[in-house]
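We name chains A, B, ... by the order of the sequence lines, and we start the count at 1 in each one.
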2 protein chains.
Amino acid sequence: MTLLENTAISADAGMEDRSLAIREALRNAIIDRRLAPGTKLSEAEVGSLFDVSRTVARAALQMLTFEGLVKTERNRGAFVSNPSPEEARQIFASRRLIEPGIVAAAIERITPADIARFRAQLDEEARHMNERGPTARRAEIKASGDFHLMLASAAGNVILEKFMDELVARSSLVIALYGRSGASSCGHSEHTAVLDALEKGDADRAAALMVHHIDHIEADLDLQHREGRGLRDALTLV
Amino acid sequence: MTLLENTAISADAGMEDRSLAIREALRNAIIDRRLAPGTKLSEAEVGSLFDVSRTVARAALQMLTFEGLVKTERNRGAFVSNPSPEEARQIFASRRLIEPGIVAAAIERITPADIARFRAQLDEEARHMNERGPTARRAEIKASGDFHLMLASAAGNVILEKFMDELVARSSLVIALYGRSGASSCGHSEHTAVLDALEKGDADRAAALMVHHIDHIEADLDLQHREGRGLRDALTLV
DNA sequence: CACCTCGACATTGCATACAATTTGACCACA
DNA sequence: TGTGGTCAAATTGTATGCAATGTCGAGGTG
């Protein structure tokens, strides 16, 4: 848990608010899998880790609860979310619905400069792919998600961008829980394929490739068992 | 502002939390247009209206901020959101993207019992349409939104349902600001058309009708002027 | 008369204190 | 041994106090 420190809270100007910074740090820790699903996030502990009062720690946890990364039980506390297979399916169903639209919108607005930034992002992905070790793997997962977020940003719709922010983060959690292989590696080539189609202005193809990509990610999950939940998340809390 | 009282806080069992109840009350007040865009929502005032401390009032406002119904400025306070025309377009673009998918998903799962409930809901809409007065108009707007929310619920995807919750609420705000006529009236027949297609299992037609419906709503807006914002929301704060 | 400065007031940001609730352990007892 | 009950520790829910920040008007000055 002390790993959180390295995601330094930039006291730099501009950080709107300390609870926002804490939210970011926790968010990164969760999607990086440094915080396992089910981990308890007590207000006091979070507060002392970041050297703030419970009030602001609580605000950060509330935000995370809102985006589904954390589940809060009344009078019991906040826990890193432990999505069920059903939730996982719904997350990917949502992405299948939204992302093709984002690709289509992005095609209309994208500039050569954007394309260049995308290429740089893909290089970053590739770089992490060739490295070994858990740190590189985490960086790879993050970079892979960032590709989708950049796309959302390029689409120029802040609402869809926010939705994708949530969906990508929750996807990371799901992959952490149900991921079978290092399938993110095969994701890389699919990203480049999408970008190629995007650059050529081939909207239909880009959208189709994106759906295919999402299908791929989901297909790599093992969503069979563990359906028996219900009695306080069925022991999986550990 | 005292109108809020009538949206009684059901102290009934189950209401998870007082801040949730306050959020609901404020949400309803906003989408009902009892609270105009730009209205300041001070923590102290909200707290005293609902007879809670600033702490819980603040939590409610934070939730509303997260779903975009309220905009919070640091050290200044919370205001009922005053969406720009651009935001309005993005809201409807998001709906055009998501709602056809919801319709498609709903077709797969809908039961005759659901259909019956939809019919009842449409009757409710019609009833309010035939009444006069601002109260009836508010009820009509709310009922119209509820149709879309029921559809989202029928689709069986809680994530999309949450997204729609936000989008419908924000749409109400936009319509309040930019709505030209009582166009919600023509919306009713379109709702029935969608439902008919849905009942027949005609997915393509239902989705097409839904897109058409959303286009209609947006076409009734006047999104031309008022683009010149920026200096602290250009006086519209009043 | 316009403009700038300064200071009182109001409101938010945050920390802390207290109350309510849950949890787990210990102990009595069948 | 297992069952149930009571109590103590820990944690969350809420209220409140203080500091920081922004607002607005009064008064002085060019």
Between P on D:dA20 and CG on A:Asp17, what's the gap in Å once rounded to a whole number? 17 Å
Do A:Arg138 and A:His128 have a side chain donor and acceptor closer than 3.5 Å? no
Side chains of B:Lys162 and B:Glu67: closer than 4.5 Å at any heavy-atom pair? no
Round to the nearest Å and state the distance from B:Arg76 atom CZ to C:dT11 atom C1'. 11 Å
What is the separation between atom CZ on B:Phe79 and atom C1' on C:dT12, rounded to the nearest whole Å? 11 Å
Whole-Å distance separating the CZ atom of B:Arg74 from the P atom of C:dG13: 6 Å
Is it true that a side-chain atom of B:Ser144 and a backbone atom of B:Glu140 form a donor plus acceptor pair closer than 3.5 Å? no
If I take atom CG in residue B:Asn75 and atom C1' in nucleotide C:dT11, what distance separates them, rounded to the nearest angstrom? 9 Å
Starting at atom CZ of B:Arg58, determine the distance to atom P of C:dT12, rounded to an integer number of angstrom. 8 Å
To the nearest 0.5 Å, what is the distance between CE on A:Met164 and CG on A:Leu149? 6.5 Å
Nearest 0.5 Å, please: how far is CZ in B:Arg33 from OG in B:Ser172? 9.5 Å
Integer-rounded Å distance: C:dT23 P and A:Glu73 CD: 9 Å
Rounded interatomic separation in angstrom, taking CG from A:Leu61 and C1' from D:dT12: 11 Å
Check the interface with nucleotides 15-17 of chain C: list each N/O to N/O pair with the protein under 3.5 Å, or write none.
{"unit_1": "C:dA15", "atom_1": "OP2", "unit_2": "A:Ser53", "atom_2": "N", "d": "2.9"}
{"unit_1": "C:dA15", "atom_1": "OP2", "unit_2": "A:Ser53", "atom_2": "OG", "d": "2.7"}
{"unit_1": "C:dA15", "atom_1": "N7", "unit_2": "A:Thr55", "atom_2": "OG1", "d": "2.8"}
{"unit_1": "C:dT16", "atom_1": "O4", "unit_2": "A:Thr55", "atom_2": "OG1", "d": "3.3"}

Does a donor on one side chain and an acceptor on the other come within less than 3.5 Å for B:Gln121 and B:Glu125? no
